[in-house]
Amino acid sequence: MNKTFLFIAPVLFFIAARAAEPAVQRAEAGRLADGTVIESYTLTNKTGATAKVITFGAILADLRMPGRDGELASVVREFTFTEAAAKRPFLTAGMIVGRVANRIANAKFTLDGTEYKLAANTPPHTLHGGRKGFDHVIWKAAPAESPDGPAVQLTYVSADGEEGFPGNLTLTVTYTLTPANALRIDYVATTDKATPVNFTNHAYFNLANGGDVLDYQLTLFADRYTVFDATLIPTGEIKPVRGTSLDFTTPKALNTYAADLPGQKRYDHNFVVNRNGPGLVRAARVVDPKSGRAMETWTTEPGIQIYTSPLGASTQPNRIGTICLETQHCPDSINHPEFPTTVLRPGETFHSTTEYRFSIAAASAP
C-alpha cells in the first residue's frame, strides 16, 4: 500500500470530520450610518444545513436545507442588510416581531385601569409593534451553549414607554439548529410592569428556492379560526373551519380555495391550534412536491397566522411565492378577555418555543 496514502488519509478524514462539526460563525453583515456594526451569526449543523441570523431585528436572514436531490438551498426569503433596507417600515422577511405581533384594534388598550395609546401605523390600528418594532433595533448577541446543536442568543431591552407600551421588557431569543434539521426559536421575557407581549418570527418560506407556492400541500392541525372584520380585527367569535375555504385539516394545495378568497387572493388568517395540554404540538405541515422538502411547524403557542402571497392565477414571469407560518396568540388579544391572555406581569417569566422541522417527503406516485 502506498505510504503517502497512509499518511494523507487520516488527515483527510480529520478535515472532513472537522467540517461536519456543528459550528457558529460570526461575521460583519454591515454598518449603520453612525458606524454601528451589524453582526451575522451562521449556524451549521452536522448535516451541513445552515441558518444565518443578524443582530439587526434578530432577523433570520437565511436558512438552507437539503432537498430530495441532497442539494442545499435557501428555504426562506433571504435578507441582506443595507442602509436602504434598514429604513423600510416593515422588515418582515425573517424578523422577530414585538412587543406585540399582529394587530391591536384602534391603537389602544386598557390594562389595570390605565389606557395606553399606541401608534396607528396601519390606521386606525397598530401592527407588529408600531412604527419601530423589534425588527428595527440592534440586539446584543453571542453564541449559546446548547446540547441540541449550534445556537445564538440575542437580547433586547425595550424601555418603559417604547412605542407606547408599559414596562421595561427584557426579551431573549435563541435560535438553535438541531442535528435533525430543525430550527428552534425560544423566547424568554420578563418585565417590571404589566404589559402585553406576543412574539413571533415572520419568515417568508419558499421550500423550492424559487417559483410559486400554488401547489404546496398544506395541512393545518387547527379545527377553528378567529373570525375578523374588514380591517382584520377579530370580532371575538371562534368558528370551525369545516365547510369553509379555511379547511386544511386534510392536505390540500394552497390554491385549492383561491377563487373563494377576496381581494388579492391571499391568506392572512389566524387559526386556533388543536391542543390537549401544554408543550409543543404540531400546528402545520407544508410539502413542496417538486423539491421534496417538507416542513412541520411545532409550537407552544395557541395560534398560527397563515399569510401567503396572492394565490390566484398570475401572469408575472418567474414569480416567487411565499407562505408565512407565524406562531402567536390571537390578534388583538389584549382587547379580548375571552382569548388566552397576553399580559406578562412582574415576577413572571414568559416562555415560548417554536420549531420548524424539515424532512424529505415521500415521492408521490406518477
Side-chain angles (χ1 to χ4, degrees), residues 14-32 35-66 72-82 85-86 91 93-98 134-158 169-190 199-203 205 280 295 298-300 327 349-358:
F14 174 75
I15 293 173
R18 286 292 299 274
E21 290 179 0
V24 180
Q25 182 179 9
R26 179 191 174 279
E28 182 175 316
R31 294 181 180 237
L32 295 176
T36 301
V37 173
I38 307 302
E39 300 173 332
S40 71
Y41 289 82
T42 300
L43 316 179
T44 305
N45 71 5
K46 290 182 178 180
T47 72
T50 62
K52 180 189 288 187
V53 179
I54 66 172
T55 52
F56 189 84
I59 289 172
L60 175 64
D62 193 20
L63 180 63
R64 294 180 179 266
M65 290 290 171
L72 290 173
S74 182
V75 295
V76 297
R77 182 188 293 174
E78 299 175 52
F79 180 86
T80 300
F81 178 84
T82 64
L91 304 180
M95 72 179 185
I96 292 295
V97 185
F134 289 1
D135 57 313
H136 277 78
V137 300
I138 310 298
W139 296 60
K140 292 184 178 180
E145 293 186 8
S146 170
D148 300 322
V152 59
Q153 186 177 85
L154 302 102
T155 301
Y156 177 65
V157 178
S158 176
L169 176 81
T170 300
L171 172 61
T172 297
V173 175
T174 303
Y175 289 89
T176 305
L177 188 59
T178 76
N181 288 346
L183 180 69
R184 188 176 73 224
I185 309 175
D186 292 293
Y187 305 81
V188 178
T190 57
F199 313 115
T200 194
N201 182 279
H202 208 304
F205 290 98
L280 283 169
M295 182 183 75
W298 291 67
T299 188
T300 59
T327 57
T349 300
F350 172 91
H351 293 275
S352 177
T353 299
T354 291
E355 291 185 0
Y356 296 104
R357 302 178 181 180
F358 292 85

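What you see is a predicted model; the values in this text were computed from it and never measured. One-based numbering along the sequence shown.
The CG atom of Asn45 sits 9.0 Å away from the CG atom of Leu43 when rounded to the nearest 0.5 Å. Rounded to the nearest 0.5 angstrom, Trp298 CH2 and Leu280 CG are separated by 7.5 Å. The distance from atom CD of Gln153 to atom OG1 of Thr176, rounded to the nearest 0.5 Å, is 9.5 Å. Distance OG1/Thr55 to OH/Tyr156: 13.0 Å, rounded to 0.5 Å. Distance CZ/Phe56 to CE/Met95: 11.5 Å, rounded to 0.5 Å. One finds the OG1 atom of Thr50 at 7.5 Å from the CG atom of Leu177 (value rounded to the nearest 0.5 Å).
Every pair passing salt bridge (charged side-chain N to carboxylate O under 4.0 Å, His left out) that includes a residue from residues 50-64 is listed here, sequence neighbours excluded: Asp62-Arg64, Arg64-Glu78.
No more than 12 heavy atoms of other residues, nucleotides or ligands sit less than 6.0 Å from atom CD of Gln25.
Closest approach of Leu63 to Ala51, counting heavy atoms only: CD1-CB, 3.7 Å. The nearest pair of heavy atoms linking Ala61 to Ile54 is CB-CG2, 4.1 Å. Of all heavy-atom pairs between Asn201 and Tyr356, the closest is O-OH, 4.4 Å. Here the closest non-hydrogen pair linking Ala151 and Val24 is O-CG2, 3.7 Å. Among all heavy-atom pairs drawn from Ala189 and Phe199, the shortest one is CB-CE1, 3.9 Å. Across every non-hydrogen atom of Gly48 and Leu72, the tightest pair is O-CD1, 3.2 Å.
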message = Would Met295 and Val75 count as a side-chain contact (heavy atoms from CB on, under 4.5 Å) here? Give the steps.
response = CA-CA 10 Å; Met295 182 183 75; Val75 295; over 6 Å; no
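Evaluation of the side chain to side chain donor-acceptor pair (under 3.5 Å) rule for Thr80 yields no partner, not counting sequence neighbours.
Contact of the Tyr41 side chain with the Tyr175 side chain is not registered, since no non-hydrogen atoms from C-beta on lie closer than 4.5 Å. When side chains are defined from C-beta on, Trp139 counts as touching Leu171, because their heavy atoms get closer than 4.5 Å. Considering only heavy atoms from C-beta on, Ile185 stays 4.5 Å or farther from Thr327 through its side chain.
Using modelled atom types and a 3.5 Å distance limit, the side chains of Thr47 and Asn181 yield a donor-acceptor pair. Between the side chains of Thr155 and Thr172, a donor-acceptor pair is found at a separation under 3.5 Å.
Side-chain atoms of Thr44 do not come within 3.5 Å of backbone N or O of Ala23 as any donor-acceptor pair.
Screening Asp186, Thr300, Thr200 for a side-chain contact (heavy atoms from CB on, under 4.5 Å) involving Ser352 leaves a single residue, Thr300.
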